[in-house]
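Worksheet: one structure, shown below.
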Amino acid sequence: MPVEFKLPELGENVEKGDVVRVLVTAGDVVVKDQPVLELETDKATIEVPSSVAGKITEVRVKVGDKVKVGQAVFVVDEAAAGNGAGPAAPLAAAAPTAPAPTPAPAATPAASPAPASKAPAPVVDIAAARSTPAPRPDSAAPVPAAPSTRRYARELGVEIGEVPGTGPGGRIGQADVKEHVKTLLAQPGGTRVATGPLPDFSKWGEVEVRPMSNIRRKTAEHLSGAWQAPHVTQHDRADVTELEAFRKSQGSKVEKAGGKLTVTAILLKVIALALKKYPQFASSVDMANNTVVFKHYCHLGVAVDTPNGLLVPVIRD
């Protein structure tokens with residue numbers, strides 16, 4: 001029986017979104033909670049999971065479309081949901097057919113035990129799937145990974161495009177990122193996660209390049225390898241009585257100049273002064289050249305809610 005999958009509620013005050021990626025095509029078999037769509041809303045880019053299971057007979061949206069909550073995205077045949085086990089049957093059938101021709105010649109029985117000893121053939125196939133991300137032959141093609149997975153990869157120092165995806169259509173999940181990190185760390189000399197070349201920081205201002213000592217290099221390597229540990233946010237209390245008094249006393253002057261003196265504005269200035277006093281917090285480690293790059297400039301990005309969505313303008317110097 002054909003069933004329409006309609007776009008569910010996306011969150012408070014979110015009624016529509018732009019289609020960034022369609023993760024399924026007609027003919028695919030989907031299961032419940034499988035990601036089927038990536039949408040960009042005013043607040044974030046999110047994955048939309050399927051609430052139905054079955055074989056997709058029609059996809060009604062494409063990349064670039066604007067879809068609203070309640071709009072039909074695709075149609076599935078629920079009767080075909082049980083056919084998801086179909087691909088496993090040919091795999092099972094393929095195992096006996098390989099040794100079948102060997103009994104005829106007398107000289108080939110020696111070769112037949114080899115396939116028999118490799119009984120867990122699916123394991124080999126899974127390993128091959130991990131090592132070869134088939135759906136991404138073109139390096140310029142978009143990487144199928146959710147924003148949360150991309151952020152997780154960045155935190156671990158992993159290039160998301162190098163991670164083999166094992167999800168539907170080669171999709172990359174957090175488990176794939178973890179497996180990739182384990183593989184890197186298991187390699188000889190893999191005490192740290194490999195990172196790409198650093199950008200040319202001198203494009204944005206004056207920099208100073210200092211050589212790195214052996215102790216510091218070893219510290220960087222081991223800390224990079226330990227980057228899999230959960231991150232912790234420290235919360236503390238501060239008495240801002242005098243800060244608030246200052247903000248209110250100077251607020252009228254700022255308003256006359258066409259602005260608004262907020263706590264955020266004051267904190268940005270505090271951060272800038274802190275980075276000036278402790279420049280190592282804004283430094284970058286260049287493992288390839290065994291150096292540390294210190295910036296003699298301070299450019300801060302701050303998230304701002306605008307009519308065009310959440311943007312991060314950069315306040316220079």
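Given the structure is predicted, the values throughout are model-derived calculations rather than measurements.
- For the pair Lys32 and Ser50, the minimum side-chain heavy-atom distance is 4.5 Å or more.
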For residues 289-296, which side-chain donor-acceptor pairs fall under 3.5 Å, sequence neighbours excluded?
residue: Asn289; atom: ND2; partner: Asp286; partner atom: OD2; Å: 2.8
residue: Asn290; atom: OD1; partner: Arg217; partner atom: NH1; Å: 3.2
residue: Lys295; atom: NZ; partner: Ala282; partner atom: O; Å: 2.8
residue: Lys295; atom: NZ; partner: Ser284; partner atom: OG; Å: 2.5
residue: His296; atom: NE2; partner: Glu208; partner atom: OE1; Å: 3.1

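- Counting non-hydrogen atoms of neighbouring residues, nucleotides and ligands closer than 6.0 angstrom, the CD atom of Glu242 reaches no more than 12 such neighbours.
- No donor-acceptor distance shorter than 3.5 angstrom exists from the side chain of Arg21 to the backbone of Val63, with no hydrogens or angles considered.
- Hydrophobic cluster membership for Leu311: none, as no Ile, Leu, Val, Met, Phe, Trp or Tyr side chain comes under 4.5 Å of it.
- Considering only residues two or more places apart in sequence or on other chains, Glu15 meets the salt bridge (Lys or Arg N to Asp or Glu O under 4.0 Å) condition with none of them.
- For Arg171 and Glu47, the salt-bridge test passes: some basic side-chain N is under 4.0 Å from an acidic carboxylate O.
- Looking at residues two or more places apart in sequence or on another chain, you find a salt bridge (Lys or Arg N to Asp or Glu O under 4.0 Å) between Lys62 and Asp65.
- By the side-chain hydrogen bond (donor to acceptor under 3.5 Å, both in side chains) test, Thr241 is found to be paired with Asp239, residues two or more places apart in sequence or in another chain being considered.
- For the residue pair Thr57/Asp77, the side-chain donor-acceptor check at 3.5 Å is not satisfied.
- Pairs of residues two or more places apart, or lying in two chains, that qualify as ring pair (Phe, Tyr, Trp, His ring centres under 6.0 Å) and include a residue from residues 298-317 are Tyr297-His299.
- Here the options are Val36, Val75, Thr25, Val76, the test is side chain to side chain contact (heavy atoms under 4.5 Å, CB included), and the partner is Ile56; only Val76 passes.
- Applying the side chain to side chain contact (heavy atoms under 4.5 Å, CB included) rule to Gln174 yields the partners Ser148, Thr149, Tyr152; only residues at least two apart in sequence or on another chain are considered.
- Ile172 and Gly165 get closest at one heavy-atom pair: CG1-CA, 3.7 Å.
- The shortest distance between side-chain heavy atoms of Met212 and Val285 falls below 4.5 Å.
- Among all heavy-atom pairs drawn from Val22 and Val61, the shortest one is CG2-O, 4.1 Å.
- Remark: Glu255 engages no residue in a salt bridge (Lys or Arg N to Asp or Glu O under 4.0 Å) (not counting sequence neighbours).
- By the 4.5 Å heavy-atom criterion applied to side chains, Leu300 and Val314 are not counted as neighbours.
- Taking each heavy atom of Val30 and Val24 in turn, the nearest pair found is CG1-CG1, 3.7 Å.
- With salt bridges taken as basic N to acidic carboxylate O contacts below 4.0 Å, one links Lys66 and Asp18.
- A continuous path of ILVMFWY side-chain contacts below 4.5 Å connects Ile46 to Leu7, so both sit in one hydrophobic cluster.
- Residue pairs meeting the ring pair (Phe, Tyr, Trp, His ring centres under 6.0 Å) criterion with at least one member in residues 46-79, sequence neighbours excluded: Phe5-Phe74.
- Atom SG in Cys298 sits 14.5 Å away from atom CH2 in Trp204 (nearest 0.5 Å).
- When the side chain to side chain contact (heavy atoms under 4.5 Å, CB included) test is applied to Ser202, the partners found at least two apart in sequence or on another chain are Asp200, Val207.
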Let me have the donor-acceptor pairs involving side chains of residues 264-279, under 3.5 Å, with sequence neighbours excluded, atom names and distances please.
none

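- Side-chain contact between Gln34 and Pro168 is present, with heavy atoms from C-beta onward closer than 4.5 Å.
- In terms of the salt bridge (Lys or Arg N to Asp or Glu O under 4.0 Å) criterion, Lys68 has no residue partners (sequence neighbours excluded).
- Distance check: Lys253 NZ to Leu261 CG gives 11.0 Å after rounding to the nearest 0.5 Å.
- Between Glu4 and Arg60 a salt bridge is recorded (basic side-chain N to carboxylate O distance below 4.0 Å).
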